[in-house]
Number of protein chains: 2
Amino acid sequence: MNEKRTFSISELSQEFDVTTRSIRFYEDQGLLKPARRGQTRIFSTKDRVRLKLILRGKRMGFSLAETKELFDLWDETLTGNEKQLLKMLEILGARRDQLEQQKNDIVQAEMEIDTAEARCRESLDELQKKKKQQGIKAKESEPTTT
Amino acid sequence: MNEKRTFSISELSQEFDVTTRSIRFYEDQGLLKPARRGQTRIFSTKDRVRLKLILRGKRMGFSLAETKELFDLWDETLTGNEKQLLKMLEILGARRDQLEQQKNDIVQAEMEIDTAEARCRESLDELQKKKKQQGIKAKESEPTTT
DNA sequence: AAACCGCTTTACGTTTACGTAAACTTTATC
DNA sequence: GATAAAGTTTACGTAAACGTAAAGCGGTTT
């Protein structure tokens, strides 16, 4: 089940198009905890998943600190203290609300893009018409070679 | 049609829950262009709309620079140069793609929240059962007062 | 007139998320 | 065994987005 593949820093770097510097930084901030063989980092599939989550979080506007908070909380949750579990549920609820907000934002943005695009096309059409008109005028005033 | 109401900096600050410092900063960066009566800023409804767009942009992970780029481009677009219009359409298309990506991210996030929540509830249920078991044991071993 | 309020500018400080360079070790290749 | 390639640490630099004083201006309330 739990795949036991491992990854080098450059493999992950390439796969997710992120610099090794960033990956090391994420480790430094406690978001990743790769094993070590001597000095070199060895990333597990769990690390890989977390990296994916980090990047998605960024795309969604989450700071690294926020993402780390979630990771930590999730780890604590696994130990199963009741208070932790309730807090986790609370936070998950908040996340859900946030996602709703983002969905609304997206819908709004899409509508605005629609109208903006429409206006652009209108303007373009008008320009095209003017061009054609000029073309006709030009032809009318063409000197005849006969 | 075009409402001619105006707003003070503190009105906007309160309405959108953003500091006056931020608003001034947005102006400084060229995102807002309020009129002036003497020294004091007077914001139009257009400024208000732009502020709303700025904030939504932030929630969606856009930088101020990106938002400014869009504003500027849109202003230029109004002058109606064909090249500008085409570029605008291109950028709008890119935005659309980005929104699609964000939608996917949201769907993924929602799924993960679902499973996380489910696990939390399972853990809680188990804890509850254990509590009940202990309760029964406690009753069984209660000394009878008769 | 004094004190207060809201607004202003100027300017230095701070946090986040890396970039970049230097110098060093480890691993692979010829 | 030299040399390149990939990895490492250390450390200083930077851009973005404000925060946070400090000090001044223009009304108005007492």
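As a basis for the values below, the full set of heavy atoms in this structure was taken, side chains included, without hydrogen atoms, waters or symmetry mates. Labels below follow one simple rule: chain letters A, B, ... track the order of the sequence lines, proteins then strands, and each chain is numbered from 1.
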Are any of the side-chain nitrogens in Arg96(A) or Asp114(B) under 4.0 Å away from the carboxylate oxygens of its partner? yes
Taking all heavy atoms of Arg41(A) and all of Pro34(A), pick out the closest pair and write down the distance. CG-CG, 3.8 Å
Between Glu112(B) and Lys52(A), does any NZ, NE, NH1 or NH2 come within less than 4.0 Å of an OD or OE carboxylate oxygen? no
How long is the line joining CD1 of Ile54(A) and P of dT16(C), in whole Å? 16 Å
Checking all strands, does Ser8(A) fall into the base, sugar-phosphate, or nothing category for heavy-atom contacts under 4.0 angstrom? sugar-phosphate
Look for any protein N or O under 3.5 Å of an N or O in nucleotides 16-18 of chain D and output each such pair with its distance, or none.
from, atom 1, to, atom 2, distance (Å)
dA17(D), OP1, Leu64(B), N, 2.8
dA17(D), O3', Lys58(B), NZ, 3.4
dC18(D), OP1, Lys58(B), NZ, 3.0
dC18(D), OP2, Tyr26(B), OH, 2.8
dC18(D), OP2, Lys58(B), NZ, 2.5

Is it true that Lys87(B) and Glu90(B) make a salt bridge, defined as a side-chain N closer than 4.0 Å to a carboxylate O? no
Protein-nucleotide distance (Gln39(A), atom CD; dA5(D), atom P), rounded to Å: 22 Å
Examine dG7(D): is either OP1 or OP2 under 4.0 Å from a nitrogen or oxygen in the side chain of Arg41(A)? Give yes or no. no
Atom CD1 of Ile23(A) and atom P of dT9(D): how far apart are they, to the nearest Å? 13 Å
Could you tell me whether the side chain of Thr6(B) and the main chain of Ser44(B) form a donor-acceptor pair under 3.5 Å? no
Calculate the interatomic distance between Leu12(A) atom CG and dA6(D) atom P; express it in whole Å. 16 Å
For Phe7(B) and dC7(C), give me the distance from atom CZ to atom P, rounded to whole Å. 15 Å
Separation of dC5(C) C1' from Ile9(B) CD1 (nearest whole Å): 15 Å
What is the distance from CG of Asp28(B) to C1' of dT10(C), rounded to the nearest Å? 11 Å
Give the rounded distance in Å between these two atoms: CZ of Arg37(B) and C1' of dC7(C). 12 Å
Answer yes or no: does a side-chain N or O of Ser10(B) lie under 4.0 Å from OP1 or OP2 of dC7(C)? yes
Working to the nearest 0.5 Å, report the span between CZ of Arg50(B) and NZ of Lys68(B). 9.5 Å
The side chain of Arg36(B) is closest to which nucleotide in this list: dT9(D), dG6(C), dT9(C)? dT9(C)
Look up atom CE in Met111(A) and atom OG1 in Thr115(A), then write down how far apart they are to the nearest 0.5 Å. 8.0 Å
